[in-house]
Amino acid sequence: MADIVFRNVTKRYGGTLAVDDASFTVNDNEFFCFFGPPLSGKSTILRLVLGLETPDTGDILIGGKLVNTVSPAERNVAMVFQNLALFPHMSALDNVRFPLVERGVAEAAIGKRVADVAAKLHIGHILHKPPAQLSGGERQRVAIARALVRDPNAYLMDDPISALDARLREETRVELKRIQRELGKTLIYVTHDQEEAMSVADRIAILEHGRIRQIGSPAEIYDRPASTYVARLLGSPMMNILKSARSEGGVEAAEGTIRIADKTAPADAVEIGLRPEDIKVRPWMDGRRADGVSGRPARVFEVEPLGGYTVVTLEAGQARLKALLRGQPDIRPDAMVAISCEPARVHYFGQSGGALAR
Ligand code: ADP
Ligand code: MG
């Protein structure tokens with residue numbers, strides 16, 4: 001068992017609160033991701049798990065055992081190095097063997113462990129080749145095998161693929177996700193890339209200035225962000241957050257260009273959040289919206305066709321917002337349009353930015 005538990009852990013560096021009263025449980029075999037902007041405390045949390053730092057207050061448990069004063073070696077948690085590039089002058093096999101050879105593991109044990117990892121990663125048939133003779137995807141699998149060849153209680157990865165180009169990053173994260181599931185190991189993963197966090201993690205912890213703001217599955221956090229801070233971090237384009245006011249039968253935002261007929265809207269909502277993909281854009285005809293509902297028109301500011309999707313930036317009163325539409329709709333800059341959103345898709349936020357239940 002390698003579940004990892006933080007109970008009210010705080011870590012300061014001088015005047016800086018790097019980790020602020022963090023409590024969480026990473027379950028055995030879970031792919032758990034920490035996500036937040038630079039300096040939000042991600043790497044410090046990993047160093048606390050590894051035992052390279054000790055908490056000022058609070059407890060850290062690994063597999064049910066208190067490890068606050070246990071040395072890094074005894075914790076048997078492995079930090080996977082940042083660089084997934086292979087040594088070009090060594091065969092794939094020697095690359096995979098390298099971390100074990102470096103640690104002086106006995107030859108028989110190396111052979112067994114490498115065979116085991118190679119079988120799980122389906123790379124046994126390419127191990128004799130040098131990296132130059134491998135495809136991009138094969139190279140990534142070999143690099144991951146090398147990263148995983150030790151057999152610790154849990155793996156930690158600190159932004160492991162940020163140095164790769166975009167295409168290779170997309171390939172590698174899929175491999176990582178698949179491999180983690182096949183190996184059945186606890187993995188704590190740090191990234192500053194929201195799409196990567198969403199794509200790989202079973203659960204994500206969102207950090208802000210050393211504080212955990214929300215923990216949940218990617219879908220939970222995306223669909224029910226606990227605050228405007230979290231809402232803005234996940235999603236591209238990001239959620240539109242607009243000042244709102246109660247109006248007859250619901251809520252109104254952006255000077256009447258958006259009207260939400262939602263009688264269940266919380267009375268203390270001061271902002272609404274609309275995901276770009278939830279915004280409907282329709283032509284404005286003869287001073288009326290195409291669907292006959294009253295309101296005011298918005299103006300199309302710019303249109304970005306992305307192939308499968310189109311991002312439309314709208315001017316609605318003093319506000320700018322983005323809608324994500326399927327395909328390539330016939331919408332031109334400066335057109336007047338009606339914008340709407342299903343009441344069930346609207347997020348409500350209160351005075352301090354916290355999400356409000358209906
Ligand atoms: P992240 O990995 O999210 O970028 P870090 O955990 O590296 O964040 O840093 C969290 C905060 O702690 C930052 O304000 C950073 O400047 C500070 N910090 C981290 N390590 C040290 C250190 N060794 N000495 C002093 N301050 C540190
Ligand atoms: Mg860091």
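Start at 1 and go down the list; that is how both ligands and their atoms are numbered. When reading the values below, keep in mind they use all heavy atoms of this one structure, side chains included, and skip hydrogens, waters and symmetry mates.
In this model, no donor atom of one side chain and acceptor atom of the other lie less than 3.5 Å apart for Glu196 and Ser199. The closest side-chain donor-acceptor pair between Asp20 and His209, if any, does not fall under 3.5 angstrom. Using modelled atom types, one finds a donor on one side chain and an acceptor on the other under 3.5 Å when comparing Asp21 with Asn8. A donor-acceptor contact closer than 3.5 angstrom is absent between the side chains of Thr10 and Asp56. With 3.5 Å as the limit, one finds no donor-acceptor pair spanning the side chains of Gln194 and Tyr222.
Each of Tyr13, Thr16, Ala18, Pro37, Pro38, Leu39, Ser40, Gly41, Lys42, Ser43, Thr44, Arg47 has a non-hydrogen atom positioned under 4.0 Å from some atom of ligand 1.
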Chi angles and distances behind the salt bridge (charged side-chain N to carboxylate O under 4.0 Å, His left out) call for Glu220, Arg203
CA-CA 9 Å; Glu220 280 164 0; Arg203 286 190 304 153; over 6 Å; no
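Applying the side-chain contact (heavy atoms from CB on, under 4.5 Å) test between Phe6 and each of Val49, Ile212, Leu61 identifies Val49 as the sole match.
The pair Arg358-Asp262 counts as a salt bridge, with a side-chain nitrogen and a carboxylate oxygen less than 4.0 angstrom apart.
Taking the six-membered ring for Trp and the full ring otherwise, Phe35 and Tyr189 have centroids separated by 6.0 Å or more.
Annotation: protein N, O or S atoms under 2.8 Å of the Mg ion (ligand 2) (waters excluded) comprise Ser43 OG.
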